Amino acid sequence: MPAKLTAVETQTADEVDAYERLLGDAMHGDGMLFVREDAVEAAWAIVEPILDSVSALHSMNLGRGTS
């Protein structure tokens, strides 16, 4: 069975992966896909206290039970 090869001159948004699109937008000065600094700081103000208060995991000794 022969393989089909398609060549693309100009990539559209559907043909570019997300990371490649993000970098391209950054190089063109388009900040639409980026979060503003104050939004990032507000999110961390909520999440960081939760992460700091996480206790250590406790392991359980799961025996086979009594026979």
Side-chain angles (χ1 to χ4, degrees):
M1 174 183 235
K4 181 179 178 182
L5 177 63
T6 304
V8 177
E9 287 290 319
T10 306
Q11 292 181 331
T12 65
D14 294 337
E15 297 159 345
V16 178
D17 69 16
Y19 188 66
E20 197 172 357
R21 179 177 176 204
L22 186 68
L23 288 176
D25 287 351
M27 289 189 286
H28 291 106
D30 183 359
M32 192 163 133
L33 297 176
F34 296 90
V35 180
R36 288 184 0 198
E37 182 179 357
D38 59 341
V40 173
E41 293 295 329
W44 275 110
I46 295 168
V47 173
E48 195 166 27
I50 297 168
L51 293 175
D52 290 342
S53 68
V54 173
S55 60
L57 294 176
H58 299 282
S59 62
M60 289 179 49
N61 184 7
L62 299 176
R64 293 195 176 253
T66 56
S67 300

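Since this is a predicted model, take the numbers as computed values, not measurements. Residue numbers count from 1 along this sequence. Just the heavy atoms: all of them, side chains too, but no hydrogens, waters or symmetry mates, feed the values below.
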Item to check | Separation of Glu41 CD from Glu48 CD (nearest 0.5 Å) | outcome: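 Glu48 CD to Glu41 CD: 9.0 Å, rounded to 0.5 Å.
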Checklist entry - Could you give the distance from CG (Asp30) to CG (Leu22), rounded to the nearest 0.5 Å? => result 10.0 Å
Checklist entry - Would you say Val47 and Val40 are hydrophobically clustered, going by side-chain heavy atoms of ILVMFWY under 4.5 Å? => result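 Same cluster.
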Item to check | Ion pair Arg21/Asp25, N-O distance below 4.0 Å | outcome: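 Yes, Arg21 and Asp25 are salt-bridged.
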Checklist entry - How far apart are the closest heavy atoms of Phe34 and Ala26, and which atoms are they? => result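 Minimum heavy-atom separation between Phe34 and Ala26: CZ-CB, 3.6 Å.
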